[in-house]
Amino acid sequence: MRVAIIGSGASGIAAAYYLKQAGFADFTLFEKSDDLGGTWRDNRYPGVACDVPSHLYRFTFAPNAEWTRRCSPGAEIQAYMRDVAKQIGAFEKIAFNHEVTKVQFADGGWEVETSKGPYGHFDAVISASGALHHPKMPNIDGIESFLGRSCHSAQWDDATDLTGKRVGVIGSGSTGTQITATLADHVQSLTLFQRTAQWIMPLPNYPIAEEKRQEYRDDPAKMDGYYHYLAGRFNEVFGDAVSGHNPEAYEHMAEACEENLRTSVTDPELRAKLTPDYAVGCKRLVLSDSFYEAIQRPNATLETGAISKVEQNGVRMEDGSLHELDYLIYATGFHAHSLCHPMHIAGRDGRVLAEEWADGNYAYRSVAVPGFPNWFMIGGPNSPIGNFSYLMTAEHQAKYVVSLIKEASISGTVEPKPDVTDAYNAELREAMNGTIWVSGCDSWYFDKQGRVASYPWSFSRFAEEMQTPNLADFHIRP
Ligand code: NA7
């Protein structure tokens, strides 16, 4: 089998590892950029870190004793991704600066075309192209008229020095709060433009001492034990709490957020502005032990009024006031539903994936779509994006996809049956009604059709679903 993997972020690396494990060594990872790492390559803004503890946010096949903090900074994770890709022999298989533009089903396989032209024929394709990488700029008048400097958070220029500058941050999601918590200390003034308040779970991000790192180097079994402990806490407590499968854990989580706000923010007026009007966990929970402290600094301002427009000198509010700024950061999120976009993916019988998904992305168990034989996805529609550690998700899906590729290597092509796929999606939509995500807030989990793009069931169900493909759910053709 000759396999094309689209993307060399965490999902692509997981796919490469499990392909190799299964004896499929003939694969190419296509990477649009000149570096791997996906999210961790793109997001280099001040304070970028993962909100999953590092000893869990690592591949099961690549333990790492060297993490320096409970939740390590983005640059450390990016270096880890690079090391792992090298260790597993995936690095040399990356075609850098090859953005896949077109993938066409032909002769029982796929013709792959990149930004550099036709590349070749593959027996199977694994799209590992990510969900959060199309920066979403806000629809605010006058953005181009600003005379200071500005950028989207995912397009940070490493040479930027904000010392002594008046900085504005639009957006108070995970990104905006990390930037605020990190920058407030270093700039002349920081104004956070918050449209909707966020619940914030206090997660102390302590450094991991050298002695502890040595302990893990000396005793990998201990480090493994810690991984499994964290996995249990994160997936079965946190993950199941937000998807409604662990009410007791949910109560604890909600209380922790409420208490964090009550005890950390002293000014009642500021506290009121920071108090969300929706249930804890409805929007993706922000984890931080330093945001409330930062926003209470004398040089920090929380602006909750409506923005009228961006002007030459700053941001004009609807009440007429102007925030004069030197630098404006748009921490306004991503087009999270543009999966596989803008590739032209043409399957069997003239089907085009973008057209199949015109009324919303869907798949069979997130990994395959009827009409697209031997086309697989890691991080596809309704992958667990709001609940479990993404690396675990990617590994589970990669193993499952490789099992299907194994079947294809014996039998020809594999694609899910339409009726089974429809039934799966109907059950999924039904189950979504019981989750916290639909309890009355807006978030990036919702697609244009108002459907939530995450996974509504427990981690144990997800792990069970990904255990072994039920081949009766697939058309298998020579
Ligand atoms: P998010 O979580 O999508 O947050 C985007 C933020 O930007 C959010 O606070 C939005 O307010 C705000 N926003 C978006 N458009 C506007 C306009 N027009 N005016 C004012 N404010 C606006 O993105 P992040 O980058 O923080 O995090 C994305 C994920 O990456 C995160 O969940 C982690 O999984 C990693 P809103 O809440 O919509 O009112």
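Ligands are counted one by one from 1 in listed order, and the atoms in each one are counted from 1 as well. All values reported here derive from a predicted model rather than from experimental measurement.
Of all the heavy atoms of L132, the ones lying under 4.0 Å from any atom of ligand 1 belong exclusively to the side chain. Here F334 has side-chain heavy atoms under 4.0 Å from ligand 1, and that is the only part of it that gets that close. Counting heavy atoms closer than 4.0 Å to ligand 1, residue A331 contributes backbone atoms (N, CA, C, O) but none from C-beta onward. The part of K283 lying near ligand 1 is the side chain, judged by heavy-atom distances below 4.0 Å.
Among all protein heavy atoms, the one lying closest to atom 15 (N) of ligand 1 is R195 NH2, 3.5 Å. Protein heavy atom closest to atom 4 (O) of ligand 1, with residue, atom name and distance, is G173 CA, 3.8 Å. Nearest protein heavy-atom contact of atom 32 (O) of ligand 1 is R284 CD, 2.8 Å. Counting only heavy atoms of the protein, atom 1 (P) of ligand 1 lies nearest to W444 CD1, 3.8 Å. Shortest contact from atom 12 (C) of ligand 1 to any protein heavy atom: G171 CA, 3.6 Å. The protein atom (non-hydrogen) at minimum distance from atom 18 (N) of ligand 1 is P138 CB, 3.3 Å. The protein non-hydrogen atom at the shortest distance from atom 36 (P) of ligand 1 is T196 OG1, 3.5 Å. In this structure, the protein non-hydrogen atom closest to atom 23 (O) of ligand 1 is G333 CA, 3.2 Å.
Ion pairing between a basic and an acidic side chain is recognised when a charged N comes within 4.0 Å of a carboxylate O; R461 and E465 show such pairing. Between D51 and R284, at least one side-chain N (NZ, or NE/NH1/NH2) sits under 4.0 Å from a carboxylate O, which counts as a salt bridge. Electrostatic pairing of K283 and D442 does not count as a salt bridge here, judged by no charged N lying under 4.0 Å from a carboxylate O.
Atom OG of S366 is separated from atom CG of L428 by 7.5 Å, given to the nearest 0.5 angstrom.
Between Q198 and T177, the side chains place no donor N or O within less than 3.5 Å of an acceptor N or O (distance only, hydrogens not considered). Counting only N and O atoms by type, the side chains of S458 and H245 include no donor and acceptor under 3.5 Å apart.
Under a 4.0 Å heavy-atom criterion, S153 is not in contact with ligand 1. Ligand 1 does not have D442 within reach: every non-hydrogen atom of the residue lies 4.0 Å or more from it.
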* Trace of the side chain to side chain contact (heavy atoms under 4.5 Å, CB included) decision for F193 with H323 -> CA-CA 10 Å; F193 297 88; H323 291 278; 3.6 Å; yes
* To do: Decide side chain to side chain contact (heavy atoms under 4.5 Å, CB included) for E258 and W199; before the verdict, give the C-alpha distance in whole Å, the side-chain angles of both, and the deciding distance to 0.1 Å.
  => CA-CA 8 Å; E258 284 157 11; W199 284 112; 3.7 Å; yes
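A cation-pi contact, defined as under 6.0 Å to the ring centre and within 45° of the axis, is absent between R69 and Y206. Under the 6.0 Å distance and 45° angle rule, K136 does not count as a cation-pi partner of F334.
The atoms of ligand 1 that sit less than 4.0 Å from any heavy atom of I170 are 20 (C), 21 (N).
Checked by atom type and distance alone, the side chain of S443 pairs as donor or acceptor with a backbone atom of Y445 at under 3.5 Å.
The distance criterion of under 3.5 Å between nitrogen or oxygen atoms is met by S172 with respect to ligand 1. Backbone and side-chain nitrogen or oxygen atoms of N139 are examined, and none is located within less than 3.5 angstrom of a nitrogen or oxygen of ligand 1.
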